[in-house]
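Reading through the structure tokens given below for one structure.
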Amino acid sequence: MADTETLLETPLADLHRELGGRMVGFAGYAMPVQYPAGIIAEHQACRADAALFDVSHMGQAELRGEGAAAALERVTPAEVQALKPGRQRYGLLMTESGGIIDDFMVANLGDRLFLVLNASRKAVDLQTIGAALPAGVSLVPRPDRALLALQGPGAEAILAGLAEGVAAMSFMGVLETPVAGVPALVTRSGYTGEDGYEIGIPAESADAVARALLAVGAVPAGLGARDSLRLEAGLPLYGQDIDETTSPVEAALTFSLGKRRRMAWDFPGAERVREELDHGPKRLRVGILPDGRQPARAHTPIAIGGTTIGEVTSGGFGPSLNAPVAMGYVARDHAADGTALELMVRGRTIPARIASTPFVPHRYKRAAGATA
Amino acid sequence: MSQTRFAASHEWVRLDGDTATVGISDHAQNALGDVVFVELPEPGRAVEAGEAVAVVESVKAASDIYAPVAGTIAAANSGLVDDPGLVNRDPMGEGWFFTITPRDAADIGKLMDADAYAKHAEEGN
């Protein structure tokens, strides 16, 4: 993002500056990459206690009307029609050729669906979904909403002190309940691998709610920690690890394909997905652990015996592992865990190996008996 | 010990006898954020002023460190290999990167003094 371009601000812009946030351009928004504590301290706060992220740059929208779930299924292979009220699910928006337009969350609020979209893709997403809707179903963007992510093992105790009913929620549960007196849409989800919540609130109340959470111990954390946390958790980032050229099978996101959808094959790109499920994709997204301490960043070539077999798509330093971590795509024949790789970093070859993700185990609060 | 001088690319250099010690400024370490890896030059390597001789990596990004003057690398700070965070904690002291024997010690005097560098950093360079 060019510095000359005017950046949008979230409703927490004043708070970020007051907290000493270092603001950078991200997806057209001025966002804090870190606060004075630094990325590692913010990362550790999330793993050990509770961190608060402003994710108000993300797209929020409602899908209303009879048949909204069926309408959304026209652009995603996710199971939306069977999503129960009070539950949320991860899904992919697909191109006709089997690429990924975006990854998103959909929550069933009973009388409507609620969507959370990536900031960098929300305009494309809204256009894609809007174009697929039949008469009677409407897509309503909610730029009047802010979104906070409270993440970490201490999140439950913090939020339970400010909101009714949140302690009893399970992973991917959804609850409309006031937070610090402000009507909120709370989901038990996030992008860190930790237990935690995302809290949707009216933009004009975001500052007050964020301050209430900080006052009882949440540590402000920026995009830098959000990135290192999600990388350790093995979660892909749209635009880096997935895009319109990568398929759900290549990206190792087949869990997001509904069972019924995989029998009906009635979604955009189904032909490619079916072919790759049957015969294997050409490449696969895998976790990579470089030897030593030097991070291998995005676009680092991956080789075996001097022959390039892939590329790193996200890489950096994992503070919880105290070691570099990465993910990327490799040819399917070389995608087994433990496979020895060579990473070409700044003119030198660094040994690495393929490792299963998440690198740091997820600690979601799953419902008893739930499997996924 | 002589006065500390600064390069526009945010290295500091301090001449002590025949060799000069080089590190990165407090402004630079603050801008980089948490340092997690440092790659240091081999002693004996002859370098030109402005040549990339070391690498510093923070959680977010990698940056080159440039030789502020021409000369020969004398020693590297092995303490940074095990504890790269020294760069953040003590950038002007224990967090030094390498020492260099300048080809012409007078080159150091041509770099910015602390006041000029403070102005340079403040201007957002």
Side-chain angles (χ1 to χ4, degrees), chain A residues 3 20-24 26 31-46 221-232 237 240 290-300 312 314-326 343-350, chain B residues 9-10 24-43 45 47-48 50-67 73 76-92 94-95 97-98 121-125:
Chain A
D3 290 338
R22 183 174 299 165
M23 308 306 283
V24 299
F26 181 82
M31 299 296 292
V33 66
Q34 65 167 84
Y35 299 91
I39 293 172
I40 290 179
E42 293 165 22
H43 176 113
Q44 305 289 20
C46 182
L223 292 181
R226 188 167 161 84
D227 193 50
S228 58
L229 288 158
R230 69 93 192 168
L231 193 49
E232 285 185 340
L237 172 62
Q240 279 188 217
D291 285 2
R293 284 186 64 89
Q294 185 168 24
R297 313 282 180 182
H299 309 299
T300 297
V312 171
S314 282
F317 193 80
S320 298
L321 295 179
N322 192 29
V325 290
L343 304 178
M344 319 308 284
V345 178
R346 303 179 71 93
R348 292 193 312 158
T349 300
I350 293 179
Chain B
S9 48
H10 303 287
I24 65 170
S25 70
D26 185 59
H27 171 79
Q29 71 77 20
N30 186 53
L32 282 169
D34 296 320
V35 172
V36 296
F37 174 81
V38 173
E39 185 184 318
L40 297 164
E42 288 291 320
R45 175 174 161 190
V47 301
E48 295 301 322
E51 185 176 330
V53 293
V55 177
V56 58
E57 301 230 15
S58 68
V59 179
K60 284 300 282 179
S63 304
D64 285 309
I65 304 301
Y66 303 95
I73 303 294
N77 184 1
S78 59
L80 294 187
V81 175
D82 296 328
D83 186 6
L86 273 176
V87 177
N88 297 115
R89 298 199 303 275
D90 191 10
M92 302 293 290
E94 292 295 306
F97 276 62
F98 56 89
E122 200 178 298
E123 285 164 357
N125 292 293

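If you're wondering where the values come from, they're calculated on a predicted model, not measured in any experiment. Here is the naming used below: chain letters follow the sequence lines, and residue numbers restart at 1 for every chain.
- Of the inter-residue distances, the one linking Glu42(A) atom CD with Asp34(B) atom CG reads 8.5 Å to the nearest 0.5 angstrom.
- A 4.5 Å side-chain heavy-atom check between Leu223(A) and Lys60(B) finds every atom pair outside the cut-off.
- We find that Glu39(B) and Arg348(A) are joined by a salt bridge, their nearest charged nitrogen and carboxylate oxygen being less than 4.0 Å apart.
- Looking only at distances, no side-chain donor or acceptor of Arg293(A) sits under 3.5 Å from a matching main-chain atom of Val38(B).
- The most heavy-atom pairs under 4.5 Å with chain A, out of Val55(B), Val59(B), Asn88(B), come from Val59(B).
- Interface residue Gln34(A): only side-chain heavy atoms are found under 4.5 Å from chain B.
- For Asp227(A), the part lying under 4.5 angstrom from a heavy atom of chain B is the side chain only.
- Contact check on Arg297(A) versus Glu57(B) returns a salt bridge, with a Lys/Arg side-chain nitrogen under 4.0 Å from an Asp/Glu carboxylate oxygen.
- Closest non-hydrogen pair, Pro295(A) versus Val36(B), comes out as CG-CG2, 4.1 Å.
- Interface remark: Asn30(B) contributes backbone and side-chain atoms alike to the contact with chain A (heavy atom separation under 4.5 Å).
- Across Ser58(B), Ala61(B), Ala62(B), the residue that shares the most heavy-atom pairs under 4.5 angstrom with chain A is Ala61(B).
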